[in-house]
Amino acid sequence: MKTLFFKYKWATLGILLGGIAGFFYWKEVGCLNGQCLIQSVWYNSTGYGMLLGGLLASMIADAVGAIKKTD
C-alpha cells in the first residue's frame with residue numbers, strides 16, 4: 001500500500017487540492033438558480049475539481065520525470 005501511495009503521490013496531492021479548490025469554487029461562485037450543472041451542488045464541483053487536479057498533477061509529474069530522464 002505504501003509503494004502505491006508513493007508511486008502516485010503527485011496525483012493524490014492533485015486530487016486533494018483539486019477537491020478543495022472545487023469546493024471553494026462552489027462556495028464562492030456557485031450557481032443559485034440550479035441551472036448550472038457543475039456549480040449548482042457542491043459534490044459536482046468538488047468531483048470535477050478532483051478530476052482536473054489529478055489530471056493536471058499527473059501531467060506535470062510525467063513532464064518533470066521526462067525532463068529528469070534526459071539530463
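Rounding to the nearest 0.5 Å gives a distance of 8.5 Å between CZ of F24 and NZ of K27. Taking CH2 of W10 as the reference point, atom CG of L56 lies at 12.5 Å (rounded to 0.5 Å). Between the CG atom in L51 and the CG atom in L55 there is a gap of 4.5 Å [rounded to 0.5 Å]. Taking CD1 of I20 as the reference point, atom CD1 of I15 lies at 12.0 Å (rounded to 0.5 Å).
Of all heavy-atom pairs between A57 and G14, the closest is CB-CA, 3.7 Å.
Checked by atom type and distance alone, the side chain of T46 never pairs as donor or acceptor with a backbone atom of G22 at under 3.5 Å.
Note: the hydrophobic cluster containing F23 also contains Y43 (ILVMFWY, side chain heavy atoms under 4.5 Å, direct or indirect links).
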